[in-house]
Amino acid sequence: MSEKVDRQFYLREDTLEVAADLLGKLIVVPGAAGLRVSGMIVETEAYLGVIDRAAHTYGGRRTPRNEAAYALGGHVYVFFVYGMYYQLNVVCGPVDHPHVVLIRGVEPVEGIDLMRERRGEMKERNLTSGPGKLCIAFRIDRTFNGADLLGDQIWLEDHRSFGTDQISVGKRIGIDYAGEDVDNPWRFWVTGNEFVSRK
DNA sequence: CAAGTGATTAGC
DNA sequence: CTAATCACTTGC
């Protein structure tokens, strides 16, 4: 069994680099009876803290909801949106530096039957190919907000790595409100992977 | 393509 | 206190 990705990985200054390097990492969440539910990250988006109009922390906004984004790198920020869905983010950099990476797409690896049950969905391709979908499949909810990725509730492991020739870069999705920042190429995905949320 | 859904927040 | 908003998904 692979070891947890270490703290240093998350503490790097360049959040865009972390967002790209997260592609290929395995997200692991223990299910019941020692069962592992896991999947490989294939799509991410970076939100660059106070300077990014698309970020919840733009301009240094700090509220009960986004507090976890100000934690030390290697914690997770989970929030609820549209009255139905959770979104999973990885916090990067030092304390009080609210840069985060949204996990938008994952390829199922372990615990696929459990994912199917939770999603009420038979087609594997539709289990975790979106930020809201994957939170349902992994049963990630508000109780994960602020969790440490070096703890035992949720963590990342090395799995595969992709070179720049296998990674695509583009604008982020669903942030039409972001003014000058809408077109920033801060979304990364594994080229051609079928678990990317949009082609 | 539009509705659903409810926590959160900004603005009175 | 109230109303608008929203880093999405599904089904028409």
How does protein contact run along nucleotides 7-12 of chain C, one letter per nucleotide 5' to 3', with B for base contact, S for sugar-phosphate only, - for none, heavy atoms under 4.0 Å?
BBSS--
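Annotation: Arg139(A), atom CZ; neighbour count of heavy atoms from other residues, nucleotides and ligands within 6.0 Å does not exceed 12.
Salt bridge Lys4(A)/Asp152(A): present, at least one basic N to carboxylate O contact under 4.0 Å. In summary, Arg172(A) and Glu45(A) do not engage in a salt bridge, as defined by a charged side-chain N under 4.0 Å from a carboxylate O.
Side chain to side chain, Asn184(A) and Lys171(A) fail the donor-acceptor criterion of an N or O pair below 3.5 Å. Side-chain contact check for Ser168(A) and Thr191(A): at least one donor-acceptor pair (N or O, by modelled atom type) lies under 3.5 Å.
Taking atom CG on Asn145(A) and atom C1' on dT8(B), their separation rounds to 13 Å, with Å as the unit. If you measure from atom CG of Asn66(A) to atom P of dC6(C), you get 15 Å, rounded to the nearest angstrom. Rounded to an integer number of Å, the gap from CZ of Arg61(A) to P of dG11(B) is 10 Å.
Close placement of the Phe79(A) and His56(A) rings is indicated, their centers lying within 6.0 Å of each other.
The two residues Arg116(A) and Leu127(A) make their nearest non-hydrogen contact at CA-CD2, 3.8 Å.
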Can you give the dot-bracket line for DNA chain B, using ( ) for pairs inside the strand, [ ] for pairs that cross earlier ones, | for pairs with another strand and . for unpaired bases, where Watson-Crick and G-U count if both distances are under 3.5 Å?
||||.||||||.
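Ile173(A) is not connected to Tyr82(A) by any chain of hydrophobic side-chain contacts under 4.5 Å among Ile, Leu, Val, Met, Phe, Trp and Tyr, and they are in different clusters.
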